[in-house]
Amino acid sequence: MSRFTMDDNWLVFHPSPSKPQYVPPAGAVDAHCHVFGPGDLFPFAPERKYTPCDASYEQLFALRDFLGFSRNVVVQATCHGADNRAMVDALQRSNGLARGIATVREDITDAELAELDAAGVRGVRFNFVKRLVDTTPPEVLRRIADRIAPLGWHVVIYFEAQDLPQLYDFFASLPTVVVVDHMGRPDLSKDVDGPEFQLFVKLMREHSNIWSKVTCPERLSNEGPPHYSDFIPFARHLVDHFSDRVLWGTDWPHPNLKTHMPDDGHLVDIIPHIATTEALRLQLLVDNPHRLYWHR
Ligand code: 0GY
């Protein structure tokens, strides 16, 4: 029996997603997903803001195969804090088919960074979403970025669109590739060509080291399943304009969703609507993630 009990309002991931009609190309990468626990083996962090359900590497790899994907990028979630053991365990059990993004504190040693690198970690995540984390000062984050840059790692950032104006200069000054989670969480009720999303587009246009995940219709959409149609113009805009700097992922097991749990098969079926040619889909699902995560 786990010492951890998931939050009352937690929705568990879909137990039997539908088989997608869209078949991804060989080598396709789910570049944003998580593993949680199991809590009695890999305890959740004392400072966490939510307690999830357990979501194991076996379940993640089974979903990967079922959806027609080949590889995963496992992103450290805030409920595990800077204890990366569950994520690292998943990488080590993946036969090289998973890479990871860690959360680290400033006091991490060079030897610990080298161990993470050997396990397949290729970046660190900086989280600015206030409901998920306590704030870390930018100067601390910058020192971490300077430490990981020589490893060839990159920085993944998670923030909400309304906070971009104040974070813009910091993001623009980071020394590595910077990958933005979920398109910077735009408000999809606003216009793609409006000032909020276009500030994000400007960040990408003016800084060729900035990439975006075109992920999380289930989090961002006001219209909801199965088509999440308000998500499509935003994601398509980024794929069309920055085809060599976009990534796609499921976000399984979809932490913190309170209203509905997506059918992962439906999420895969959105891909042809956001990447509208075979060439774009190859970049999004294969070429881009392989270049970023499997170049060595
Ligand atoms: C996501 C989104 C969320 C949670 C986390 O690390 C996390 O806890 O990223 C969220 O609540 O929006 O990408 O999993």
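Because the structure is predicted, anything quoted here is derived from the model rather than measured. Both counts, for ligands and for their atoms, begin at 1 and track the order of listing.
Between Glu218 and Lys258, no side-chain nitrogen of the basic residue sits less than 4.0 Å from a carboxylate oxygen of the acidic one, so the salt-bridge criterion is not met. Between Arg85 and Asp83 there is a salt bridge, with a side-chain nitrogen of the basic residue lying less than 4.0 Å from a carboxylate oxygen of the acidic one.
At a heavy-atom cutoff of 4.0 Å, ligand 1 is surrounded by His32, His34, Tyr50, Ala77, Thr78, Arg125, Arg131, Leu132, Tyr158, His182, Arg185, Arg219, Asp251, Pro255, Asn256.
Residues forming a side chain to side chain contact (heavy atoms under 4.5 Å, CB included) with Leu67 (at least two apart in sequence, or on another chain): Pro20, Leu63, Phe69, Thr250, Asp264, Val268.
By the 30° and 60° cut-offs, the orientation of the rings of Phe128 relative to Phe171 is perpendicular.
Among residue pairs with one or both ends in residues 88-100, those qualifying as side-chain hydrogen bond (donor to acceptor under 3.5 Å, both in side chains) are Tyr57-Arg93, Asp89-Arg93; sequence neighbours excluded.
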Using distance only, find each side-chain donor-acceptor pair of residues 223-230 under 3.5 Å and give its atom names and separation, not counting sequence neighbours.
| from | atom 1 | to | atom 2 | distance (Å) |
| --- | --- | --- | --- | --- |
| Glu223 | OE1 | Ser229 | OG | 2.4 |
| Tyr228 | OH | His260 | NE2 | 2.9 |
| Asp230 | OD1 | Ser221 | OG | 2.5 |
| Asp230 | OD2 | Asn222 | N | 2.7 |
| Asp230 | OD2 | Glu223 | N | 3.2 |

